S.K.: 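Have a look at this one before I ask anything.
Given the structure is predicted, the values throughout are model-derived calculations rather than measurements.
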2 protein chains.
Amino acid sequence: MARRPPSAPLAAKWQNLAEGRCAERGERLTPARLAVYAEMLAHDRPLSAYELIGLLEERQKRKIAPLTVYRHLDFLMRVGLVHRLQSTHTYMPCDHPDHTHESQFLLCSSCGQVDEVESTGLETLLAEIASERGFRPDNTVVEVTGVCGTCATSEQT
Amino acid sequence: MARRPPSAPLAAKWQNLAEGRCAERGERLTPARLAVYAEMLAHDRPLSAYELIGLLEERQKRKIAPLTVYRHLDFLMRVGLVHRLQSTHTYMPCDHPDHTHESQFLLCSSCGQVDEVESTGLETLLAEIASERGFRPDNTVVEVTGVCGTCATSEQT
DNA sequence: GCCGAGAAGGTTATAACGTAACGTTTTAGC
DNA sequence: GCTAAAACGTTACGTTATAACCTTCTCGGC
């Protein structure tokens, strides 16, 4: 019997979401995969792959190879539970979990928070730009770095 | 007297552009910086920093440290002559050199060509999305990966 | 000319991010 | 139980980027 690795607490909401997503696609949600997802949800900011490794090693009291975590991250992205932020080489759980979609991100360089936005207008416009040029889009990255409303307000010294 | 390092051939057009950009900002366009820029212009696709190092080492017959090239790239980006592509960790000269602007990129995963697009509509929309949320944008990354028109056409087997 | 301040460049080392190759374990279906 | 395929683990390595520190060059004032 496989011993389930210690995992960060995971609200039923997320657990159910993860199970649903995997079931839809005939993918297997293993304890190791769930542990990575739970660890990401336990923090309120994007984490780098190596930060995740450190956190998981500490929680599970054992060595974890980078490849292991990268595979779990690839899986979680494949089923749409996790996004990769290209600008910062970090990963975060999807905030709009109700359906598959393209996302855009607002990254605050002051507090590190990331706002996941879903603008159909933007998606449409991007699709037009591509199709005008005969370009067939596959994957779209939209990441705006700047200062979020909260930080901008508290900046007024 | 400093010996000018061997540099890729550089059309007067680009040389003038580079000189103009630097003059505008009171920045110094040194031979080493120009050599990196010329090397990028000598290839018709984005190059990684380490590809660039290899090319420059071959041309100049000497060892070049990564940091050197990264500094030159930072400089060239600062003055607006070069863009970084986050999706592929590569760098390319700016195609729309007439003025400073935000750019969007269409990256063909088949042939490697990158189309630099400048859509004011998209910029406006992104600005709206940000301002609705009180977000003050600083830097925007828009990169669409897919298959370009040329490759899509020749794909029809 | 020469001298000082600051920018630019060089050197060495290392941190951070990501993958290849290969073997073992687990799981689902029979 | 048996088998095939997926998942997992281990070792090693490749790629991308930066830290710390020192030397060289350039520009302006004298």
Side-chain angles (χ1 to χ4, degrees), chain A residues 1-5 7 18-19 22-23 25-37 40 46-57 60-79 81-92 141, chain B residues 1-7 18-19 22-23 25-37 39-40 46-57 60-79 81-92 141:
Chain A
M1 158 181 168
R3 193 137 36 106
R4 172 168 312 232
S7 162
E19 284 170 358
C22 294
R25 298 161 190 257
E27 295 271 14
R28 280 147 59 177
L29 183 63
T30 65
R33 288 168 169 176
L34 198 58
V36 173
Y37 186 50
M40 297 177 76
L47 298 171
S48 77
Y50 279 72
E51 283 177 312
L52 267 173
I53 291 171
L55 290 164
L56 290 164
E57 285 182 335
Q60 302 185 14
K61 303 297 179 203
R62 67 192 183 101
K63 194 98 179 63
I64 296 179
L67 189 49
T68 302
V69 167
Y70 278 106
R71 279 198 288 229
H72 295 332
L73 286 172
D74 285 344
F75 169 82
L76 292 167
M77 289 189 285
R78 193 165 69 237
V79 298
L81 292 168
V82 160
H83 296 294
R84 180 208 304 263
L85 297 170
Q86 298 280 359
S87 302
T88 50
H89 298 167
T90 55
Y91 304 81
M92 62 179 279
V141 174
Chain B
M1 158 182 165
R3 194 134 36 103
R4 173 167 311 233
S7 162
E19 285 171 358
C22 293
R25 299 161 189 257
E27 294 272 15
R28 279 146 61 176
L29 182 64
T30 65
R33 288 169 168 177
L34 198 58
V36 173
Y37 186 49
E39 197 64 50
M40 296 177 78
L47 298 171
S48 78
Y50 279 74
E51 283 178 312
L52 218 34
I53 290 170
L55 291 165
L56 290 164
E57 284 182 335
Q60 303 185 11
K61 304 297 180 204
R62 68 192 183 101
K63 195 98 177 61
I64 296 179
L67 189 49
T68 301
V69 166
Y70 278 106
R71 279 199 286 229
H72 295 333
L73 287 171
D74 284 345
F75 168 82
L76 292 167
M77 289 188 284
R78 194 164 69 238
V79 299
L81 292 168
V82 160
H83 296 295
R84 180 209 302 264
L85 298 171
Q86 299 280 0
S87 302
T88 51
H89 297 168
T90 56
Y91 303 81
M92 63 180 279
V141 174

S.K.: Expressed in angstrom and rounded to an integer, what is the separation of B:His89 atom NE2 from C:dA16 atom P?
M.R.: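 Between P of C:dA16 and NE2 of B:His89: 16 Å.
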S.K.: Do the side chains of A:Met40 and A:Leu73 get nearer than 4.5 Å, heavy atoms only?
M.R.: yes
S.K.: How close or far is atom P of C:dT19 from atom CG of A:Asp74, stated in whole angstroms?
M.R.: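 Roughly 7 Å, once rounded to whole Å.
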S.K.: Minimum heavy-atom separation for B:Tyr91 to B:Val82, with atom names?
M.R.: CB-CG1, 4.3 Å
S.K.: Between atom CD in B:Gln86 and atom C1' in D:dA17, what is the gap in whole Å?
M.R.: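 One finds 12 Å between C1' of D:dA17 and CD of B:Gln86, rounded.
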S.K.: With respect to the side chain of B:Arg28, which nucleotide from C:dT26, D:dT11, C:dA7 is positioned closest?
M.R.: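 Closest nucleotide among those given: C:dA7.
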S.K.: Of the candidate nucleotides D:dG9, D:dT11, C:dT11, which contains the atom at the shortest distance from the side chain of B:Leu67?
M.R.: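 Out of D:dG9, D:dT11, C:dT11, the nucleotide with an atom closest to B:Leu67's side chain is C:dT11.
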S.K.: Between D:dT16 atom P and B:Leu47 atom CG, what is the distance in whole Å?
M.R.: 11 Å
S.K.: In whole Å, what is the span from the CD1 atom of B:Ile64 to the P atom of D:dA17?
M.R.: 17 Å
S.K.: For the side chain of B:Ala65, starting at C-beta, report the closest nucleotide among C:dG9, C:dT11, D:dT10.
M.R.: C:dT11
S.K.: Does the side-chain ring of A:Tyr70 sit on the six-membered ring of the C:dT19 base, less than 5.5 Å centre to centre and under 30° in tilt?
M.R.: no
S.K.: Nearest whole Å is fine: how far is C:dA7 P from B:Phe75 CZ?
M.R.: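 Result: 13 Å.
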S.K.: Could you state the interatomic distance from CE (B:Met92) to CG (B:Leu81), rounded to the nearest 0.5 Å?
M.R.: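 B:Met92 atom CE to B:Leu81 atom CG measures 12.5 Å (nearest 0.5 Å).
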S.K.: Map A:Tyr91 and B:Lys63 onto DNA chain C by nearest heavy atom, then report which one ends up closer to the 5' terminus.
M.R.: B:Lys63
S.K.: Ring stacking, B:Tyr50 with base of D:dT15, under 5.5 Å and under 30°?
M.R.: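 No; centroid distance or tilt outside limits.
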S.K.: At under 4.0 Å between heavy atoms, what does A:Thr68 touch on the DNA or RNA strands: base, sugar-phosphate, or nothing?
M.R.: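 A:Thr68: base contact, heavy atoms under 4.0 Å.
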S.K.: At less than 4.0 Å, is any side-chain N or O atom of A:Arg84 found next to OP1 or OP2 of C:dG18? Yes or no.
M.R.: yes
S.K.: B:Arg33 side chain: which of D:dC8, C:dG9, D:dT10 is closest?
M.R.: C:dG9
S.K.: It should be established whether B:Ser48 places a side-chain nitrogen or oxygen under 4.0 Å from OP1 or OP2 of nucleotide D:dT16.
M.R.: yes
S.K.: Any donor and acceptor pair, going by atom type alone, linking the side chain of B:Arg78 with main-chain N or O of B:Glu27 inside 3.5 Å?
M.R.: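 No; judged by distance alone, with no hydrogens or angles, the pair does not exist.
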S.K.: Relative to the ring of B:His89, is the ring of A:His89 parallel (under 30°), tilted (30 to 60°) or perpendicular (over 60°)?
M.R.: tilted
S.K.: Round to a whole Å and report the spacing from CG of A:Leu73 to P of C:dT19.
M.R.: 11 Å
S.K.: As an exercise, state the distance from CD of B:Glu19 to CG of B:Leu34, rounded to the nearest 0.5 Å.
M.R.: 7.5 Å
S.K.: In whole angstroms, how far is the C1' atom of D:dA17 from the CG atom of B:Leu52?
M.R.: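 Checked: the CG to C1' distance equals 14 Å.
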S.K.: Is there a donor N/O on one and an acceptor N/O on the other, under 3.5 Å, for the side chain of A:Arg71 and the base of D:dG9?
M.R.: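 Answer yes: a donor N or O sits under 3.5 Å from an acceptor.
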S.K.: Which nucleotide in the set D:dG9, D:dA19, C:dG9 lies at the smallest distance from any side-chain heavy atom of B:His72?
M.R.: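 Nearest to the side chain of B:His72 among the choices is C:dG9.
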S.K.: So what does B:Glu27 hit on the nucleic acid, given a heavy-atom distance under 4.0 Å: a base, only sugar-phosphate, or nothing?
M.R.: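 Sugar-phosphate contact only - B:Glu27 comes under 4.0 Å of backbone atoms but never of a base.
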